[in-house]
Structures are given as structure tokens and as C-alpha cells.
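Each remark here refers to the structure printed beneath this line.
Worth saying up front: this structure is predicted, and the values here are computed from it rather than measured. Throughout, protein chains are lettered first and strands after them, A, B, ... in sequence-line order, and every chain is numbered starting at 1.
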2 protein chains.
Amino acid sequence: MEDVARDAGVSRALVSLVMRDSPKVSPAKRTAVLESAAALGYSPNRLASRLASHRTNTVGVLFLDLHNPVFADIYDGIAEGLAGSGNQVMVAVGSADPGTELEAIRSFADLRVDGILLAGYTGSPEELETALRGTPAVVITRELEVDGVDSVLTDDFRSGALAVEHLHGLGHRHIAHVDISDWLPYTARREGYLWAMRQFGLEPMLVHSDMTGRGGRAVMEQFLASGAALPTAIFAHNDLTAVGIMEALASHGVAVPDDVAIVGCDNIEVAASPLIGLTSIDQHAGELGRLAAQVMLERLAGGSVPAVTRKLEPALMVRRSSSPGAGS
Amino acid sequence: MEDVARDAGVSRALVSLVMRDSPKVSPAKRTAVLESAAALGYSPNRLASRLASHRTNTVGVLFLDLHNPVFADIYDGIAEGLAGSGNQVMVAVGSADPGTELEAIRSFADLRVDGILLAGYTGSPEELETALRGTPAVVITRELEVDGVDSVLTDDFRSGALAVEHLHGLGHRHIAHVDISDWLPYTARREGYLWAMRQFGLEPMLVHSDMTGRGGRAVMEQFLASGAALPTAIFAHNDLTAVGIMEALASHGVAVPDDVAIVGCDNIEVAASPLIGLTSIDQHAGELGRLAAQVMLERLAGGSVPAVTRKLEPALMVRRSSSPGAGS
DNA sequence: GTGAAAGCGCTAACAT
DNA sequence: ATGTTAGCGCTTTCAC
């Protein structure tokens, strides 16, 4: 920087201003500086500038899992929502390991990112609060009671109820639910399912899986091997699980939806494929990302307003896997 | 840090040593420092430490697209390959916009990451070289001639040839190829296809698409609408495209593989689904990521050895979409 | 608009 | 093993 200033015949301060394209430099000097910088192959060290300015203009985004396309949808929304705000996105991936997730959050905090977006946080509120060390955050797809942490999600309880209402309306009375509660603290969809089943006076039937397609498939294979009577309909915690279930059923010659109707959740792209035709509950993933970005920008601008929760209404997308005329 | 030192009754330097858990501190002082740090809620500012130490222990990873699951597989490999090396992963997503990609690379360089892994770089070698500013890099899924930039990929030419050989062996003579060359500089699979078609004395038939499922579907819809005679087999640039093509065919009642056989490329998880059953050319995505990580670690340790290229052999995975007995 | 001076919060030789 | 002294490369006052 010293060199650039000398080469352009100006002060270091002026170079600094040009690099942050401040409006208070004359066009002449600006081009002179830029030319010298280009000639000398100079580019500012952002570590130094961030340290000195106490601002990073960066928001960190933590994803639970890159394999679930719902996170790609959320990412697109975030990128769109942050576009033009002058903020940079920095991504980290949490993986299944619980320590990794907190490590990534701590790392963001130590790097002094301006804010953190958590897509699929699986830990406890307390751990989150200490890991954040005051960094503003918004959790996506979950509601958390932590100071300075906003929540953006789709109504999971309602999603579960919606699935049951749809299947009940089709005439189904034996509706099973494959949840992931052994795995992660996401229980609201199950609660909605249980509530709706109770409303209709139906007997709930719960099976536990993880959140992957492989998990759903394994659980269904196991069920089929057990020889137990099949339900006439299954509501799966997410589409990945639902597709896994459909795969297992297909391998065993069980017809969908004629023998068993299937409803997933998330409405990922593959659910809409004519080859799959999975009925699903749309969570508006892209919109969640956009909203989370917006909430974060407001918090970064507006100081420390009280934590906010934005909850979207899920939307039922009926497809072949639960088409009427079959089932019951 | 000053405060912690005072509180623990030691010097700042000692605190610094404890924070990096150096072996040269007495256990007594170590615990004293850690306790004070915890009590005061102190955690080191990594911007400052990185600036002062000139080391970040971070490698940046740039992905072309989060929607293609092949990148999730590559990520897993990278994470595995980097595990235990003391390096942190920082992810950025390039998106379709060509400027975004270079901007992300420049950003990594300005943040002084130790190295950059590029999964699906789409720009030119020259642009890459200037954006890197000397940062070591390895490109995955592509071979690039740039100083200090290694390449890790699966033989794309061979993949294209393999697809044709497989289909030819099944008796197919009218084999079309859907490529993405209008979109991205990935032409080797097409070259392999063209070479093999020539070897067999067959007439090539090229259709251009992007790299998405939607693109593949659109291209096939358009083809079907044109009324032109269908080939008996199609080799698609990747599995996403192949599935899109299968969707379009299904919508129009064209049977796979009886009317048209399909071969994709990448062997993403969904290809193996019994609901899809897509024959594909495995690129060993996870292995690519692991290898890229390993090559990067070697470069970071070994100084500036000449650029290296590691090329894997593709593997044909035959499934229903090209099952024998049908076709020709 | 410009230049000087004082940090940002840490690490890295040195000495002790 | 521990304290001291300089910086890392930039941003920010502040007076000119």
C-alpha cells in the first residue's frame, strides 16, 4: 500500500479511500491509484482492513447437510436476499457430528462476521448462545428462544396436521408417521401429526428414522421384513425420507398409492418429478432464505431490537403418491 | 487479552501461548489462564492472530452449484481428506454468474486462505491465475494449465467413450449426446463421445443443454415437439440432465429403455434409486474430493513443486435405463 | 483533499 | 518457562 501510494504520488490514506471506493476522491487521483495498484499487483489485505475497521461485511451461513436439496434452495434465497447489500456470504457445513456444528459457529464468531444464519441448527439454545458470543444470528427452520437470535421457519406443527388432514380426507384411517426425533430436535411435525390423528380419533403409528433417503429406505425395509400389517398411508418427516420409503416399497412390489399412499415434506425439486410424483408439504425454502437474509439485514441496521419470529404457512402439493381414487 | 493476563497474573505472551495450546507452559499457569479466559468470556480474535502470524490454516472451497448433488459428494471427500490436518474449510458458491466465481476466488485470496479448492471452475486459466494472486489451488473435475494449480479429475474423454461403447455393445446405432458446451467449458465428455462414434463408423448427433435437470427436460420436450425421429439411445453430459430427459420421455409415453436407452454421467445417488434406475458413469466424486484435499496438503507442506494432475478412471454402472434385451 | 500519528488484537523474535 | 519489544497491514482521527 505504501508502494502504491508512492507510485501514484499520493498518501496512504488516499489509497485506502480509493480501495473502499469512497466518494470523496477526485476522479483523476482515483484512476491514478487504481492504475498503480494494477501495475504493482496490489490488492488490500482484508484481514488487516477488517481488524482495523471492526467491520467484516460478511455473514456466515451454516448448513446442516449439503445432501438435502432443501438447503440449496435456502441458499439461493439467502444469496438473493443479501444481493446488493454489500455483504459477503461465507458458508460452513455442520455435518452429523454435534461438535462440528458448534465449532463452525465459534469459528464464525472468532472471525467477527457481522451475523450468522443457521440453516438446520441441531444443538441446544444454551450451547448456541455461548458459541455466538453476542454475534447476531437467525435460525432457519426452527424456533429458538435466545437473546438476539431471530427465527424464520414454516409452521411445522401445521405441516404435520396438514398431511394427516389430506390423507384422512382421502379416506385413510391407518396413517403412520416416520419421524427423526431420535436423531434431531425437530419434533413439531410429529406433534402436528399426533394432534391431527387425535382430532380424528385415529390411532397414531410412529416409526423413527434419520433424515436421509437411505434411512427412510432402511426403516421401510425393516418394517416390511417384520411382517407387520402395513398402514394405508405414510407421512414422512421429509421428502428424502419419503423417497427412500417409496424405493423400499417399489422393491417389494407394494404399489404407491394403491397399496400405500405417501406424503413427504419440504417439496424439494425431485418430488415434483413425473418419475417420482411425491405429494409433499411445501416449506417455501427459497422464501425462508430470503426472509432470513432480510431479517438479518434489519437487525444489522436496526440495532438490538427484540428477537423476532417469522412463520410461514405450509402448502400442500398433491401429486401421484397420494392421488385420490386409491387407498383406504 | 490484556485483561485475561492481568486476571491470571501472567503476561500477554503467556496467554497467547496458552490459546494456541503450546507445549511450553506449565500446567498450573495454563489452567489459571483458561479459567480467567472463561470467567471474562474471552476468546481470541482470529483476524488479529491471522494477520500477525501470516497463517490462516484455512482452505477455501468454491462450488459451482449446490443443486447438483455431485458437489455434496465432493465436499464429503474434501472434509474427510482435510480432517485432522488442522485446517478449516471455508465454502463459497459460484452460481451461474461468471463474475461471482472470480469474485469469490479473489475474496479467498484477499482473506489470505492457505489454499483454494475449485470444484467446477468455469472461467479461463488466465482469469484464474490473476484472481489467485499466487494462492495455491487445485481444480477438481477439470484440467488446467496454470502455475501452482494442480488438477484432480476423472477422465472425461474416457467417460464419453465408455458410454458409447456400452450402448454400441447393446446394439444401438443411433446414439445422441446432450452436452453443455454452449454453457460451460466442459467439452471432454463430448470429445470422447465423438471419438467413439467415429471409431464405430456411426453418425454423431449433438444437442445442447445447460447442466440442470430442467435444462435436460426442456431440450427433450423441444425435441419431441419437433417431430424429428428419436435416437435409440441418449448419452447425457450428467445425471441431472439425464433424469430431466427421462422425465420428458415419461410425460410423452416414450418407454425407457425399450424405446430409448439413457446413460448419464456422475453416478449421483438418485441414479441408483430403484425408482429411477439410471445407467451412469461413476466419476468417484468423493474420491476426487479426498484426492484434492491430499494434493493440497502436499503442496502446502512441500513448497512449490511443479503442478500435478491426478486422473481417475471412470466406471460404468449399468442399470435399468440401458438394460440389455431392449433397444436397437 | 492530504499527511502524521495512534491504534486494531494478536504473534514473534528476543532476552531473561 | 516467562516477560519485552516490535511489528502484521490496514483504518481513523485530526489538524493542515
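The two residues B:V91 and B:F108 have their closest heavy-atom pair at C-CZ, 4.2 Å. Contact between B:P136 and B:L300 at its shortest, heavy atoms only, is CG-CD2, 4.2 Å.
A side-chain donor-acceptor contact under 3.5 Å links A:R20 and A:S16. Between the side chains of A:Q88 and B:S107, a donor-acceptor pair is found at a separation under 3.5 Å. No hydrogens or angles considered: nothing links the side chains of A:T100 and A:E103 as a donor-acceptor pair under 3.5 Å. Judged purely by distance below 3.5 Å, without hydrogens or angles, the side chains of B:D73 and B:H284 never pair a donor atom with an acceptor atom.
Note that A:R142 lies in the cation-pi zone of A:Y186, set by a 6.0 Å cut-off to the ring centre and a 45° limit from the axis.
Near DNA chain C, meaning a heavy atom under 4.0 Å away, the residues from residues 23-40 of chain A are A:K24, A:V25, A:S26, A:K29. Of the residues in residues 104-112 of chain A, none has a non-hydrogen atom less than 4.0 angstrom from any atom of DNA chain D. Listed by residue number, the members of residues 7-21 of chain B with any heavy atom below 4.0 angstrom from DNA chain C are B:R12, B:A13, B:S16, B:R20.
Rounded to whole Å, the distance from CE on B:M1 to C1' on C:dG7 is 16 Å. Look at CG on A:N45: it is 17 Å from P on C:dC10, rounded to the nearest Å. Atom CZ of B:R50 and atom P of C:dC8 are 21 Å apart (whole Å). Regarding B:E2, its CD atom lies at a distance of 10 Å from the P atom of C:dC8, rounded to whole Å. In this structure, B:Y42 places its OH atom 7 Å from C1' of C:dG9, rounding to the nearest Å. For the pair A:L51 CG and C:dG9 P, the computed distance is 7 Å after rounding to whole Å. With rounding to whole Å, A:R6 atom CZ is found 17 Å from C:dT2 atom P.
The environment of CG in B:D147 is sparse: at most 12 heavy-atom neighbours from other residues, nucleotides or ligands sit within 6.0 Å. Surrounding CZ of A:R133 are more than 12 heavy atoms belonging to other residues, nucleotides or ligands, all under 6.0 Å away.
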Chi angles and distances behind the side-chain hydrogen bond (donor to acceptor under 3.5 Å, both in side chains) call for B:Q294, B:R299: CA-CA 9 Å; B:Q294 183 191 317; B:R299 178 165 289 281; over 6 Å; no
Test log, rule side-chain hydrogen bond (donor to acceptor under 3.5 Å, both in side chains), inputs A:D114 and A:T58: CA-CA 6 Å; A:D114 294 341; A:T58 295; over 6 Å; no
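Across C:dT11, D:dG9, C:dG9, the shortest atom-to-atom separation from the side chain of B:H54 is found for D:dG9.
Between A:R55 and D:dT12, a side-chain N or O to OP1/OP2 separation shorter than 4.0 Å is present.
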